[in-house]
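See below for the structure under consideration.
Hydrogens, waters and symmetry mates play no part in the numbers below; they use all other heavy atoms, side chains included. Every chain is numbered from 1 and lettered A, B, ... according to where its sequence line falls, protein lines coming before strand lines. Just so you know, these numbers come straight off a predicted model, no measurement behind them.
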Amino acid sequence: MRSAFRNAYVSLSRSLNPIPKSSSNSRSLRSITASVSLSFLLSCPQHQSFRSFCSSSSMTGAGDSPAPNSSPSLEKQFKEFRVQLEESGTLREKIRAVVVDIESATRLMHVSLLLVHQSRPIPEVLEEAKAQIGVLKGLYSQLAEIIRDCPGQYYRYHGDWRSETQTVVSLIAFMHWLETGNLLAHSEAEEKLGLNSSEFGLDIEDYLIGVCFMSNEMPRYVVNRVTAGDYDCPRNVLKFLTDLHAAFRMLNLRNDFLRKKFDGMKYDLRRVEEVYYDVKIRGLAANGGTADQGLEGQS
Amino acid sequence: MLYSARSLHRLFLMAPKPKPHRLHQVAGTSLQSPVKRVRTMTTESSFKDAFAKYAEYLNDLNDKRERVVKASRDVTMNSKKVIFQVHRMSKYNKEEILEKAEKDLAAVADQYMSRLVKELQGTDFWKLRRAYSPGVQEYVEAATFCKFCRTGTLLHLDEINASLLPLSDPTLEPLQLNILDYLLGLADLTGELMRLAIGRISDGEPEFAKRICEFVREIYRELSLIVPHMDDSSDMKTKMDTMLQSVLKIENACFSVHVRGSEYMPLLGSSEPSSFLLGVSDIEL
């Protein structure tokens, strides 16, 4: 409030008195203000002409009446904005509805994949999980359909399906790895989900983040495989993760989420190394036949 | 694959027992033992090719983003200069000050906004929005500010976009600002208008301040209706709060002029201006 007061004082003293000189003598102050008022009156013609300039350029001269000339077009513009924003809002709702379905399909897939940790035979587990890929494919084509109406705006709504898609990628990449022992490439992922980059593609950063999520799943898998007696698994996983980590190091990352996930990958790697070490040092993995057995178990 | 795995294993056994730590140290480098290479020839090369592609994509994207951020920063800086130029306006030099400001604004569009055009083709327009949005908002602020001081009206988004059309050559799709950035820029405009209103009052143009007051109120009203429909409204909500503060400041300033206005002439004769000032502050409290 003090500053408001000061402002008021300054503005007042300025408008009253262009030479703000504090004087204890009220007489001299009066003479100054009188001269100011005189000069103000003298400058009036100029002031009038300025004011007329203002009003000629639609600045309301009287000031009291509401400005009628700008309002209608201004209101019209904002009305149009509202219509457009509402349209984009309904679009977003449609997208979110599909994304909710994607999420639940993904959850089903995840749940069936979790059986892998309970040493269920891999083909059986995969078959169940794969059923959801078809569902996901349909959902993504719905998304593509929605986005088709607003070309070039993929990234406007990207945030709405972003994290869900990353999870999807992590799961299908994990499945692909269980099946083939290889990394699911970006183009393969797009193919599996029925996406294509000309229309509704898979963002490469989302793909890479998904791959990082997949690597988070590895240590647990290794631990459980070893517990189930598959002593060769750690070596294969370690090899795969080492390659993956090396490949990720080729990327120049910014300080963003992907970077953070990549930094986390080394902990997965270390955990798998530890398991491998534990198995190795006890000579569990050292006998001949198990290497092939492990590979066969995966293919 | 099976065969190579088997041969690998044989070789593996023949090799001196690898220590796990050494194994992983070596793995990342090219110093891999021939043993490993046999086994992973297929996976590793496809890894490398694929990741080379991703690396290229990320590099290009980051470079582009960097260029957009730089252009945006230049737009911001120079738009700010335009705004300061407008603030130098007084009763007497209005015409020339605004002329210079408008010229500078055109130069900002010409030199800096034009750099955005070719970077924001296709999907990049929305992808890199966070990179260019601050600059565009500032530009909107400067453009609408100039226009208001010139005519007392709001510069519409269509008009801004029309003025940006000549920037790009016909082969490119032109840069057309989106509603969100326009609205965010508009929200910032009120802060500048508040400063202008206070300046105009101390400069003896209370009518101008009143006009600003009405204008800002109108914008605030319209924006209040729109905010809930905006994509990321958290940013906008804080701006709305600041905006309300600006509106209040202008209203209070107009109020004190109004109250004081009627006593303006009699006051000149008074020998105690300070007592009058205290009266104002009482009312404000």
Side-chain angles (χ1 to χ4, degrees), chain A residues 1 4-5 8-9 11-12 14-16 26 29-30 33-34 37 47 50-51 54 57-61 63 66-67 70-71 74-75 77-78 81-82 84-86 89 152-156 182-183 185-186 204 208 239 242-243 246-247 249-254 273 276-277 280 288 291-292 295, chain B residues 2 5-6 9 13 20 24 27-28 40 43-44 46-48 50-52 54-55 57-59 62 91-92 122-123 125-127 150-154 156-157 179 183 198 201-202 204 206-208 210-211 214-215 218 222 225-226 229-231 252 256 260 268 271-273 277 280-281 284-285:
Chain A
M1 213 52 233
F5 168 70
Y9 174 71
S11 60
L12 183 70
R14 237 186 242 154
S15 60
L16 279 180
S26 62
L29 185 73
R30 189 178 298 177
T33 48
S37 72
H47 187 69
F50 174 73
R51 196 184 274 191
C54 281
S57 53
S58 89
M59 198 88 63
T60 46
S70 75
S71 279
L74 189 142
E75 254 173 43
Q77 166 172 268
F78 281 105
F81 283 173
R82 218 153 55 221
Q84 288 182 41
L85 288 174
E86 270 164 16
Q153 298 195 12
Y154 176 93
Y155 285 101
R156 180 175 188 177
N182 282 331
L183 177 70
H186 173 255
I204 289 192
L208 292 171
K239 176 76 190 71
T242 314
D243 284 351
R249 283 200 302 203
M250 286 167 63
L251 308 175
N252 298 316
L253 299 175
R254 297 187 319 132
E273 267 169 16
Y276 179 62
Y277 178 77
K280 189 85 187 166
D292 298 342
L295 268 178
Chain B
L2 219 66
R6 200 166 283 143
H9 198 81
L13 283 175
H24 100 263
T40 57
T43 58
E44 202 166 330
S46 66
F47 256 52
K48 279 234 165 76
F51 270 80
Y54 310 147
Y57 168 85
L58 288 177
N59 285 343
N62 288 342
K91 275 189 256 192
Y92 309 109
T123 53
F125 179 75
W126 284 101
K127 190 180 203 169
R150 181 63 93 181
T151 68
T153 54
L154 178 67
H156 288 195
L157 177 60
I179 300 179
L183 291 173
I198 305 296
I201 288 173
S202 25
E207 282 81 20
F208 200 160
K210 270 190 186 144
R211 175 68 193 103
E214 280 151 20
F215 181 71
E218 207 168 354
E222 294 289 354
L225 279 174
I226 276 191
H229 300 292
M230 284 178 69
D231 287 20
N252 283 334
S256 45
R260 194 200 308 148
L268 287 174
S271 61
E272 277 187 311
L277 281 170
V280 172
S281 71
E284 274 189 340
L285 282 166

Problem set entry | Toward chain A, the part of L183(B) with a non-hydrogen atom under 4.5 Å | side chain
For this session: For each of E86(A), R254(A), Q153(A), R82(A), tally heavy-atom pairs with chain B at distances under 4.5 Å, and name the one with the top tally.
Result: R254(A)
Exercise. Where does Y57(B) contact chain A at under 4.5 Å (heavy atoms): side chain, backbone, both or neither?
Worked result: side chain
Problem set entry | Straight-line distance of E222(B) CD to L74(A) CG, nearest 0.5 Å | 6.0 Å
Seminar exercise, completed: One should read off an interatomic distance between K48(B) NZ and M250(A) CE, to the nearest 0.5 angstrom, of 7.0 Å
Seminar exercise, completed: Between Q77(A) and L157(B) the two heavy atoms that sit nearest each other are OE1-N, 2.9 Å
Problem set entry | L208(A) vs Y54(B) side-chain heavy atoms within contact, under 4.5 Å | yes
Exercise. How close do I179(B) and Q84(A) get, heavy atom to heavy atom, and via which atoms?
Worked result: CD1-OE1, 3.0 Å
Exercise. What are the two closest heavy atoms between N252(A) and N62(B), and how far apart are they?
Worked result: O-ND2, 3.4 Å
Seminar exercise, completed: For T123(B) and Y154(A), the nearest pair of non-hydrogen atoms, with its separation, is CG2-CB, 4.5 Å
